Amino acid sequence: MSADRQMNTGPDEGHYNFAYLDEQTKRMIRRAILKGIAVPGYQVPFASREMPMPYGWGTGGVQVTAAILGADDRLKVIDQGSDDTTNAVSIRNFFEKTAGVATTTRTEDATVIQTRHRIPEAPLSEEQVLVYQVPIPEPLRFLEPRETETRKMHALAEYGLMHVKLYEDIARNGHIATTYAYPVEVNDRYVMDPSPTPKFDNPKMHEMAALQLFGAGREKRIYALPPYTKVKSLDFDDHPFEVQHFDRPCGLCGAELVYLDEVILDDKGGRMFVCSDSDFCEDRRARGHVGDMAADPAAASLTGSASTSARTPE
Amino acid sequence: MTSSALPDRAEAQAAAATADEPLLKVSGVTRYYGDRIGCTDISFDLWPGEVLAIVGESGSGKTTLLNCLSTRLAPTAGAIEYRMRDGAMRNLYQLTEAERRLLMRTDWGFVHQNPAEGLRMTVSAGANVGERLMAVGNRHYGNIRDTATSWLERVEIAADRIDDQPRAFSGGMRQRLQIARNLVTHPRLVFMDEPTGGLDVSVQARLLDMLRRLVADLGLSVIIVTHDLAVARLLSHRIVVMRHGRIIETGLTDQVLDDPREPYSQLLVSSILQA
């Protein structure tokens, strides 16, 4: 697909190569992706390139997306569940310009979804690929700073240390207080950092129909979950894994059992909770669902534009 | 891995009591650093329940030998065999790396001179003690915490310090925590590198007292490296004197300390200040 595109553009210097990266680089990244798919959860080193954006803005995800994108793909980019925040808009514009692919905000229309910190609420299909932007791919890093040692621990499946972290959580807070980047065991083998998604999304990774790819640009690692892979969140027998619960539905669309963002409305304590997945929320409102605060004048500013929300830190 | 990697005390003690074979067999261990000798031609047997002290002055090869024995440093020549829990003698350097690492965190302990090397300074005392349990597959928070609490008490650390980080502990407490962390999986063999180094005399005395009790209670085999002959006299059954990388004298502790044969041993013993 990308070859056709190249022939169309030719050697004209005014154009980018299809999807920005040169073909050799894409080949190298595709090899890393294939290896990652072959060994689910294993972090494959790759020769990460400089991208025209700072580290931490999704350079890993962008490289993975560039390597798998074809001319007939439809791309969706989300940041914290939202299609219209800076990171999402910039990356979408980047691929519109460098690959000329169609883009969309609708989850079910997209063939490739690049995401930062969320998995869409709507179930994904076998025809879709989910690309995660990962800041720190090594789940053991904060407990074991030596890379040589963490690699050895992965190789020998020595994961006791991961439970030390969970133990500390319970000892300090009475429950497992890790709410994002919650470690998972993949395919009964590798322990993996699911990138800083809220742990609410961990169950969605389990046996997902779509291919999931993870790119960490600064740390130069790619890992993957093939479709229908077993993903188990780590826990203790007497402190089982639980996702966050919200005691109210979305203020705009009334959805329950979805991940909500808290939005501060004024400086007098006014606040509302809305879906973090903006496309999911819009879709529900279009189908006539109404939340209890949808009529609120403050909500009007939210329905059209980005939500400024309480965020999980990076 | 399951918790069955930990046999209960009775079984371990029974194995120790019926032992008529050495636990550790060291033959001709030599380690060169380039052309220089670290230690050379070291041979001895360690029996179950025995405490062996390796003494000698700085640079005599004590620590090199200890590192060779504990698989932290591969010897240039020689063999070290260890009797595994199933009774079979295995050459340590022919084990796979996974087996060696499992051995190190279940059947063995290593007490460093500086507790910061043996502890995780940024996690709580309870997690430090519980780490080995979690490493062998224990997944019940309540049980891990109960075990940690009882071990802290055994090493004379108040149970209400369980959630404090070792950074908040004194030197003596850190050393005791390090010992608890090593003993929690009921190891059969513990290596100690100057465990009382850097502690003041009264803290040393208390630590030695506690170590002596634990070693007797648990039937531990210990290899302890020290330059402090008083420590060797208090803890050990047998002494190996090293000089220039070689063993120059070996024997029962009181025999070597009271009636040293080699001129160098005589010098070493006579250099202790008589109180």
Side-chain angles (χ1 to χ4, degrees), chain A residues 39 42 136 138-178 181-191 199 202 230-242, chain B residues 1-3 5-6 71-72 95-106 116-149 151-152 159-168 177 181-182 184-185:
Chain A
V39 192
Y42 172 71
I136 295 173
E138 178 51 72
L140 301 160
R141 179 59 69 236
F142 289 106
L143 293 148
E144 178 50 69
R146 288 169 295 177
E147 173 71 14
T148 48
E149 184 66 14
T150 51
R151 282 202 207 185
K152 200 167 276 181
M153 290 161 85
H154 281 294
L156 301 174
E158 285 180 7
Y159 291 128
L161 201 53
M162 212 65 250
H163 275 84
V164 171
K165 181 177 187 292
L166 301 180
Y167 172 98
E168 278 293 280
D169 258 9
I170 304 174
R172 285 186 198 166
N173 305 297
H175 60 275
I176 298 178
T178 302
Y182 192 103
V184 293
E185 184 188 73
V186 174
N187 203 22
D188 298 318
R189 178 59 180 84
Y190 283 98
V191 165
K199 66 178 174 183
N202 275 16
K230 183 177 169 190
V231 176
K232 182 184 175 299
S233 302
L234 299 180
D235 59 4
F236 283 104
D237 296 345
D238 48 347
H239 286 268
F241 173 76
E242 278 179 357
Chain B
M1 279 176 288
T2 64
S3 52
L6 285 176
T71 72
R72 294 153 58 86
L95 297 176
T96 62
E97 187 167 22
E99 286 176 310
R100 267 208 306 270
R101 285 171 70 108
L102 181 67
L103 197 65
M104 288 206 73
R105 62 172 192 262
T106 55
E117 285 174 39
L119 292 172
R120 283 191 195 281
M121 299 303 278
T122 53
V123 300
S124 67
N128 263 292
V129 178
E131 181 177 342
R132 278 177 163 227
L133 296 174
M134 293 181 251
V136 295
N138 212 313
R139 292 289 178 264
H140 191 283
Y141 174 81
N143 294 351
I144 293 167
R145 199 169 169 82
D146 290 347
T147 312
T149 311
W151 268 102
L152 288 183
D160 63 1
R161 302 297 301 270
I162 188 168
D163 291 332
D164 291 353
Q165 294 188 0
R167 283 190 292 205
L177 180 63
R181 171 183 159 91
N182 273 288
V184 68
T185 49

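Quantities reported herein were computed from a predicted structural model and do not represent experimental measurements. Just so we're on the same page: letters track the sequence lines, and every chain starts at 1.
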Side chain, backbone, both or neither of B:Gln165 within contact of chain A (heavy atoms, under 4.5 Å): side chain

Atom group of B:Ser124 that falls short of 4.5 Å from chain A, counting heavy atoms: both

Greatest number of heavy atom pairs closer than 4.5 Å to chain A - which of B:Glu97, B:Arg145, B:Arg139: B:Arg139

I need the [X] [atom1] to [Y] [atom2] distance, nearest 0.5 Å.
{"X": "A:Met153", "Y": "B:Arg101", "atom1": "CE", "atom2": "CZ", "result": "7.0 Å"}
{"X": "B:Arg120", "Y": "A:Leu161", "atom1": "CZ", "atom2": "CG", "result": "4.5 Å"}
{"X": "B:Thr122", "Y": "A:Glu168", "atom1": "OG1", "atom2": "CD", "result": "8.0 Å"}

Side chain proximity check, B:Glu131 to A:Tyr167, heavy atoms < 4.5 angstrom: no

Flag if over 12 foreign heavy atoms under 6.0 Å of NZ, A:Lys232: yes

Per-residue contacts, residues 233-242 of chain A versus chain B, heavy atoms under 4.5 Å: A:Asp235, A:Phe236, A:Asp237, A:Asp238, A:His239

Contacting moiety of A:Leu143, where chain B heavy atoms sit under 4.5 Å: both

Would you please name every residue forming a salt bridge (Lys or Arg N to Asp or Glu O under 4.0 Å) with [X], sequence neighbours left out?
{"X": "A:Arg146", "result": "A:Glu144"}
{"X": "A:Asp169", "result": "none"}
{"X": "B:Asp164", "result": "B:Arg161"}

